[in-house]
Amino acid sequence: MAWRDLREYILNLRDSDELIRISHPVDCYLEAGCIADKLVKKGGPAIIFDQPRLANGEISKYPLAMNLFGTRERTCKALGVKDPKEIGETMVNLMKPDIGGILKKPWTGLELAMQGMSMAPKKIRKGACQAVVIENPDMTKLPIPTTWPMDGGPFITLPLVVTQDPKTGQHNMGMYRGQIFGEKEIGLHWQAHKHAADHADEIGKENRMPVAICLGGPPPVMFSAISPLPDNLSEYEFAGLLNGRRLRITKCLTNDLWVPSEVDFVIEGYTIPGETRTEGPFGDHFGYYCLEEEYPVMHVTAITHRKNPTIPMTIVGVPPMEDGYLGEAIGDAFRPVLQFQHRDVKDLFLPLETGFHNLAIVSSKQRYPRQARKTALGLMGAGQMMFLKSIIAVDEDHNVKDLDELLRAVDYNVRIPEDIIILDGMVADSLAHASPWQNVHSKLLIDATTPTPNDPRATEPKMMGCPDSLGISASGIEGVTKAKMMASSMLVVTTNVEGGPRPESSMEEVNEETAKAQREQIARIRDEIWSLEAAKNLRWLFITDDDADLDEEHWRRRLLWQLFCRFEVARDFHFDKERKRVSWDATAPIPSNEGPLPVRRWPAVTLHDPEVEARVEKWMQREGL
């Protein structure tokens, strides 16, 4: 189904009982975000706050919508598909049409031609987004939520940021969060790897760079802004393809950018090259607060909106979150394109529990020895997958979304160190707080495939595992809070690091003495476990903080988050002397400069304010939510 605007999508949610409206005042500061988070984690409905209360106590006249895409089913509805892979299949058909079939039956090419024509944006004189021009633009009058207690302020979390290549005139639309600094200033978190940063570098220091931030609009337009598109396909073209109709665009009032005409709001302005402000902290999708950094400032020159607009926002933090369902949809949608470009890829999955960039599981063809390794290495440089920290290669018939099957593959197939490849000094996501340096970390490739018959290792004997009693023995070691077998050769233990980072607070200052004590504690626990008779065949030892409850129902899902979000490959991955066993340290590290690799400031976990959370839970219980 093609959505003309956000309003039409919201009405459909209402008619299908997937939307609730709150008519009483709700604070934009912490309360709205807490409600949305609780609904997401319950698989609950989308929500509209009809009376969002601003920081000064006034009620905004604009409704605030959240959790619009907070389930897999709702995300598919927003995209107008039953399965996101339909999007990728359409793109592949356009990239490689069946010319022979079309020549024999020309009418079969009509749908393809219509899809191609829908990609060309259509310029119009005045869009619906310009129906109302705000006389005195003031960002503090918009219901922009502050979602976490330690956030640096209100943040726009579903912005469609439009910039233009100063050389080619090509428009780019990306999703870079925006911190509200004041009435007419917004911090723009575009990282060094993004197109907007390229445009800012190219425009020259003597010129102002025009910027527009769009809010709302047809869901496919929002989806196109977060999609990993090839450089020769613009977000506007992709939005037209997604929605099955040409995207109507209109020119801004105070600069020369063209923006989607059916969005709800357009915030126009400019940046001055070289001008930055400290942006953050911000509770981000890894479940931690992003560290404060310097980012460009947008100066607002105009705000326009359509009649009866709605402002959509989201909340990100400890998964699962709404952005996780969008991320999964992106993975499913672009998998056919990835398979077209990388013919050995059978399937791919980026678990939402690991924040996407921290782990990818790829199943690959295995016609010849080590083919899956070649496939995995190729993916590590493919578009936004350059940010990956870890990738696990599995057999082509492996269900990449089955965690139990993944554990069996790693348990039975991985020989240490032959099947582990570490790549040092690679590109990291700017949000990767565990990396020793900004934008630089090491990467881990684990080959968990079955050797092909012609592999030199095909005749090696089956590896043995450990007795279940190892968990009991390990629990008796000093400093171990809890120990549990994950698989026959895998043990996870939790510990309490005295003086280490706590989930509720960040650790800003270097403490060399405490950091050294932490390293010694982890090394002692590791070595004592390895020395146990029952651990002779233990190949994987995972050590993490005791805020991981190993008795909780979904403990392995929580463990995925801790293991992949808290460790740095080059710093926290340790082999024994014979290099036959590995210890994976996923305890939150203490800032230090004197260890094997630096540990930067360690951020707090995104946790709700206890009073706000209690009030929200009481209200939800009363409402039966």
Practice prompt. For the pair Asp27 and Arg53, find out whether any cationic side-chain nitrogen is under 4.0 Å from an anionic carboxylate oxygen.
Written response: yes
Worksheet item: Among all residues two or more places apart in sequence or in another chain, which pass the side-chain contact (heavy atoms from CB on, under 4.5 Å) test with Ala65?
Response: Ile48, Leu68, Thr310
Fill in: Sequence neighbours excluded - salt bridge (Lys or Arg N to Asp or Glu O under 4.0 Å) pairs with any residue from residues 302-317
Asp5-Arg306, Glu262-Arg306
Response to the item:
The complete set of salt bridge (Lys or Arg N to Asp or Glu O under 4.0 Å) pairs with one or both residues in residues 346-355, sequence neighbours excluded, reads Arg335-Asp347, Glu353-Arg557
Response to the item:
Residue pairs passing the salt bridge (Lys or Arg N to Asp or Glu O under 4.0 Å) test with at least one member in residues 383-399, sequence neighbours excluded, are none
Discussion item. Once side-chain contact (heavy atoms from CB on, under 4.5 Å) is applied, do any residues pair with Arg622, and if so which ones, sequence neighbours excluded?
Written reply: Lys618, Trp619
Worksheet, complete the sentence: side-chain contact (heavy atoms from CB on, under 4.5 Å) filter on Arg556, not counting sequence neighbours, yields Leu403, Asp404, Leu407
Scan the side chains in residues 219-229 for donor-acceptor partners under 3.5 Å anywhere in the protein, sequence neighbours excluded, and list what turns up.
from	atom 1	to	atom 2	distance (Å)
Ser224	OG	Val221	O	2.6
Ser227	OG	Phe223	O	2.8

Worksheet, complete the sentence: Sorted by chain and residue number, the salt bridge (Lys or Arg N to Asp or Glu O under 4.0 Å) partners of Asp284 (sequence neighbours excluded) come out as Arg177
Discussion item. List the residues meeting side-chain hydrogen bond (donor to acceptor under 3.5 Å, both in side chains) with Arg4, not counting sequence neighbours, and say none if there are none.
Written reply: Glu8
Fill in: Residues in side-chain contact (heavy atoms from CB on, under 4.5 Å) contact with Val132, at least two apart in sequence or another chain
His305
For residues 141-150, which side-chain donor-acceptor pairs fall under 3.5 Å, sequence neighbours excluded?
from	atom 1	to	atom 2	distance (Å)
Lys141	NZ	Glu58	OE1	3.2
Thr147	OG1	Asp151	OD2	3.3
Trp148	NE1	Val316	O	2.7

Response to the item:
Here the salt bridge (Lys or Arg N to Asp or Glu O under 4.0 Å) pairs for residues 29-46, sequence neighbours left out, are Glu31-Arg615, Asp37-Lys41, Lys38-Glu613, Lys38-Glu617
